[in-house]
Amino acid sequence: MSLHPQYARPRSAAQAVALLDGLGAGAMVIAGGQELMPHVNYGRLMPAVYVDIGGLPELRGIAEADGAVAIGALTVHRDVQSSELVRAKLPLLAWAAGQVGGGWQVHNRGTIGGNLVSMHPLYDIVPPLLALGAEVEILSTAGTRRVALSGLIAETSHGLGTTTLLTRVLVRPTSPSTGWSYQKLKITEGSYGSANAAAVVALDGNRVTAARLVMGAVAERPIDASAALKGLLGRPFDARAAAEAEAACAALVVQPMDDQQGDAGWRRAMAGVVARRALAQAVARAGGAAG
Amino acid sequence: MSANLEELVEDSVLLQCRVNGKACEREIQPGTSLLDFLRDELRLTGTHMGCMTGHCGACTVMLDGQVAKSCITLAATVQRRQITTIEGLKGADGKLSPVQQAFWDEAGFQCAFCAPGMLLAATELLRDNPDPSEDDIRRAIAGNLCRCTGYQSIVRAVKAAARVQRSAG
Amino acid sequence: MSHEGEQDRYVGRSVRNLGQDAFVSGVAKYTSDFQFPDQLHMHVVRSPHAHARIRRVDLSGARKVAGVVLAMEGQEAAQLLDPVPHYIDPVGFGGKTVPIRCLAVDKVWHYGQPVAVVVAEDKRTARYAASRVQVDYEPLPAVLDAAEAVQPGAPVVVPGWADNSIMALPFANGDVAQAFERADRVVRTTVRIHRFSTQPIETRVYNAVPDPETHGLTFYGTSQNPHPLRHVLARALRIPENLIRIIAPAVGGAFGMKMHGHPEEALVCLLALRTQKPVKWVEDREECLLIGAREQVHEMELALTKDGEILGLRDRALANTGAPSACPGWGMAFLTGLTMPGPYKVQDIDVLMNIVVTNKPSWNASRGYGKEATALALELAIDQAAREMGLDPVEMRIRNFVPKDAFPYDSPTGLIYDSGDYAGAVRKAMEALGYAEWRQRREESRQALGFGASAKVAGGGVVGAAAPGAAGGAKLIGIGLAYELTPEGGAIPGTMVAGYDSSTVRVGPDGSVTLLTGVTTPGTGNPTGMAQIVADELGVEVETIRVVQGDTTTCPYGFGNYSGRSTIVGGGAAALAAREVREKILTVAAALLGVDKATVTMDRGVIRSSAAPEKTLSLPEAAYACYTRAYDIGLAITPPLEAQATFRPGLIRHSPDAKGRINPYPSYSNAAYATVCEVDLETGQVKLLKFAAAHDCGKVINPILVEGQACGAISFGIGGMLNEEIRFDANGKQLTGSFVDYVMPRALDVPAIAVAHHDSPNPVTYLGLKGAGEAGVGGSAAAVVNAVNDALLPLGVSINDLPVTAPRVWAAIQAAKDAARPAERPAAATREVA
């Protein structure tokens, strides 16, 4: 808490984490500012030191690395949407980045790293990345570790603490034969999401051979429904399968959110609806008959 | 913390950037938002405050030609960048840009508090897409709230500006 | 008039906004753009409780913060400031009143109520120091619901009041009991209107600058009513009005919210006088969202013949106006009752409006000023009746309208409607909507889901069947119509809500024209409309006219902007003043030309005589002569070239009739609103596909600006029904604190709007103006709700509990499914779903 904050602009990621380590809890990382600044403006957060990582080259860019697409933490939503590489290899992520609210202004400034680190339950990027089995690279003074995003969000502190830096997001490309979908449901255009679902489906002929599905914006944390959808495997995604999937996904929402994005009962039901719609569209994109 | 790290931590920021084409160098408080920097330090008051949470878009400016919400941008993070505010939209000849002219001619504003943000969003749209559909236009201003017009005249103004820009080649 | 034909006149044309290019180039100055040397900033400490006793306020923590100049709590403020006079004191209507203090003394009665203020050298310091103020509260039981507030034994909000009712006003006429006895059918509808607000993009901003010479001050502020505000500030500050100057610069939208009575107005003045430095306050969005409106419940009963004629109307209404305030918000509920039964000819009515205080934040005036609630209650009840009786809602309305040959018409509450053709407007709106084509598409949407051709009741439809397609679920189309009668230009006796206003027209020695007027603009375009009037009356080019508004020192005394009045009274007064100035110019011009004055005309600033066609005179030449030749050819006029006039429209009647009723309005604008929606049966999401309106605002001065007003109001109605809602937790803490939760329409939410004009001129106003700024919120809101209920018609459910957000629509659809499931029983009538 400081009325007179300080500012530091480290010249490397290593320097940034060394700074964070040395400065302690009052230091806050800033890049696009889209997440932090509303709290600062209303006095709810008063960083003692802003550690501006916006200039760090190693956090920028989108490239292929070790069979994965590596997206630097500073990559803004607009670049995720328009990157040829992401569109070709991770069309689900490219599409979902385009669904981020707030208009072009936020797409131009909001970063994938900021979106993930905020762990905001209503945001759009985490569910698709979980459906894609993404990993993240985390830098601390102890060095870089690479962890599954799913593992990270399972921890209350989201494992990052105040002295680490999320540097890159790594996602293995989806096979061109798989289908994908991101369904976002909101009350009106200006609303935050009330329920969303990201799906990745593989088919063998008409039969579902793999299905990953993650729901967001319906509970405090994203819900990975993939295990609950085992029953879809080995059969066509017909109306009965769709209804089963909808019911199974809704049932996973044990503690639905209840806020101005919708009451709990509706949110739970909508989780099922967006899940089913996402699966259906993914099946159709994978070349299945449904759709 | 090592001395060389401590040296990195400053009590104030020397912000160097270009604002509406002019070089600008100011010593600022680190916590200053870009909105407050423009309004309070540079006295460019055409950029407006509507919510301070990034929802209304009245504070929209351009950073290197791309729209951004200045209320949720920390001024210190725009080091060495080009900032365009509503005050910088006129041509070098002092004439209104086609977008500005169309907003005036087509009543694309009422109270005009949202107009600076709308104008900058429309300017970026028409630079990238000279012949936008109605849906393109409505999407391009999705980050900007208007409470007066119901958006009808704004959409009409952007269409008119697009026509003028296209016919000007 | 000097002009040969209509085409030469400015009135009636879409003249673009005056003001040069200031508004599109960022140089127009709004209140927050003013910054003065030694500027200080105020921050307000607000109550976190809905109802609590204040044990102690400790300012020491705030005072210790470097940069803090002053901190003050309620006890001290009460010593220095008198209560803020009410804009409309309920006592004038036989209601209860209470003195309003700027800072809470002893207890707080709503969440967000100002408790203390801190003034510092910059706004961040002021905010931070405010967080260091320690207040020791003893929470008290809060009453949040109006129905609970009127129960015996409910906590009393205002100490000393016997109960929580400000007043319970009857609006009754004829023999209602007999009407209900005669009726073939009685339809009951409970319409629950939620709390929603205007939220202009510019929040409130005040900046008080002390004047050491006079010991007075200049107040820059987002004010709709500078002169009446000056009166209020003078009384609260205990100084004469002539020591206060109020300047209302460009306003970034107001919609009623910037009418005064807000505690921060007097507080910045007090603090500026105490510190002898300019003190500024910029409301943040969280604070702005505290201002409520429209939360009221109507229990409507219609007595009907079998063919849908309304014989009688009962309404038991309860308005939750929140805690007492000096702002004029509470009066909205009064006008809801007074404007029943809107455009309908039923004379046997029994309306009881109970206006109640609770421990929620207060209302302020909001576009529609209660008349939007009248429209919602009436139009939802009529559609409910049409659905239950299987009648066409369009035909049912037309059958019940006041016919166009019945004007001037005496309403059962004592109003006198000036003119109108309601059925004609409905037909025009339905045509603009493309009614025939949409009916066809509605039928197709029903057929596709297995509902019969004239689906009226729930059947075995395939509601929400889990189609595997991703494109969304089954969808039903609905068409909604609603009417709104919007009395405009109101005048409330004994208050600063006046029916008249004044304008000054000034022509300088160089021929330049200035219009100064007592009406203000919140950004509606009224200066352009008034300039068009002056340009025509005077015979000059409209672009040459400068309009000055919002300054108590330079403008004639005026009441500002409210009630769609500005162009009616400001424009009417400007016309009268312009005529007077024109006579002076033509008198002197005739002498200069040596011709008979009757032969002289002025058009676009050029003076000609039919007696001497070869000679012309420019306005500057004539104007210079008027100023400089006062003792020869100018003897016939009184210099300078300036006139002030007042326009006081007729029809207003403040002396009560035999039944004790008054007519506070000169003008009754009205409009039909129609929309088409698509309801997703899986999600309850509502998408509007088309909107149309046909409105009667009397003579249209400027079509593009008038249509802009209509479209803006429609957007309010859409947003208010599909998303906007201010909510509270069980303890009265407001949950809606930002645009994350208060979600207003974006460009993609508002469909294409077709606006048709259906003007019947008002016989008692200049040019037949009726006012165009306020109308449309209720009519468009009701059209949206009626469209949603029309879409749900095949399911046999309807929603009259607002807003009709996706979760509520979905819940109604679930109720229909649950009802249809057990026995597939044929539903006799539609069920309302709360």
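Naming: A, B, ... by sequence-line order, numbering from 1 per chain.
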Next on the checklist: Check whether Asn108(A) reaches the backbone of Ala68(B) with its side chain - one donor and one acceptor, N or O, closer than 3.5 Å.
Outcome noted: no

Checklist outcome for this item: All heavy atoms of Ala121(B) vs all of Trp104(A), minimum pair found to be O-CZ3, 4.4 Å

Item to check | Contact summary for Pro5(A) and Pro30(B), nearest pair of heavy atoms | outcome: O-CG, 3.2 Å

Checklist entry - With a cut-off of 6.0 Å (strictly less than), are more than 12 heavy atoms of other residues, nucleotides or ligands near NZ of Lys89(A)? => result no

Item to check | Heavy-atom side-chain contact between Thr53(B) and Met37(A) under 4.5 Å | outcome: no

Next on the checklist: Just verifying a value: how many Å separate Gln66(B) CD and Arg109(A) CZ, rounded to the nearest 0.5 Å?
Outcome noted: 10.0 Å

Item to check | When Asp36(B), Val61(B), Leu125(B), Leu35(B) are compared by non-hydrogen pairs under 4.5 Å with chain A, the top option | outcome: Leu125(B)

Checklist outcome for this item: One option among Ala140(B), Ser12(B), Gly57(B) has the most heavy-atom pairs under 4.5 Å with chain A, and it is Ala140(B)

Checklist outcome for this item: When the 4.5 angstrom heavy-atom criterion is applied to Glu6(B) and chain A, the contacting part is neither

Checklist outcome for this item: If one checks every heavy atom of Val13(B) against chain A at 4.5 Å, the contacting part turns out to be side chain

Checklist entry - Are any of the side-chain heavy atoms of Thr77(B) and Ile30(A) separated by less than 4.5 Å? => result yes

Next on the checklist: Counting only non-hydrogen atoms closer than 4.5 Å, does Leu23(A) touch chain B with its backbone (N, CA, C, O), its side chain (CB onward), both, or neither?
Outcome noted: both

Item to check | Sub-4.5 Å side-chain heavy-atom contact between Leu5(B) and Gln15(A) | outcome: yes

Checklist outcome for this item: For Asn41(A) and Met52(B), the nearest pair of non-hydrogen atoms, with its separation, is ND2-O, 3.0 Å

Item to check | Top contributor to chain A interface from Gly117(B), Cys51(B), Gly31(B), Ala76(B) [non-hydrogen pairs under 4.5 Å] | outcome: Ala76(B)

Item to check | Contact class of Ala27(A) relative to chain B, heavy atoms under 4.5 angstrom | outcome: neither

Item to check | chain A contact via Glu10(B) - which portion, at a heavy-atom distance below 4.5 Å | outcome: both

Checklist entry - Looking at Asp11(B), Leu63(B), Leu74(B), which makes the most heavy-atom pairs under 4.5 Å with chain A? => result Leu74(B)

Item to check | Side-chain touch Gln79(B)/Asp52(A), heavy atoms, less than 4.5 angstrom | outcome: no

Item to check | More than 12 heavy atoms of other groups within 6.0 Å of Arg127(B) CZ | outcome: yes

Next on the checklist: If I measure from the heavy atoms of chain A, does Leu120(B) come under 4.5 Å with its side chain, its backbone, both, or neither?
Outcome noted: neither

Checklist entry - Of all of Gly110(A), Gly102(A), Gly54(A), which one pairs up most often with chain B through heavy atoms under 4.5 Å apart? => result Gly102(A)

Next on the checklist: Ignoring hydrogens and geometry beyond distance, is a side-chain donor-acceptor pair present between Gln105(A) and Asn144(B) at under 3.5 Å?
Outcome noted: yes

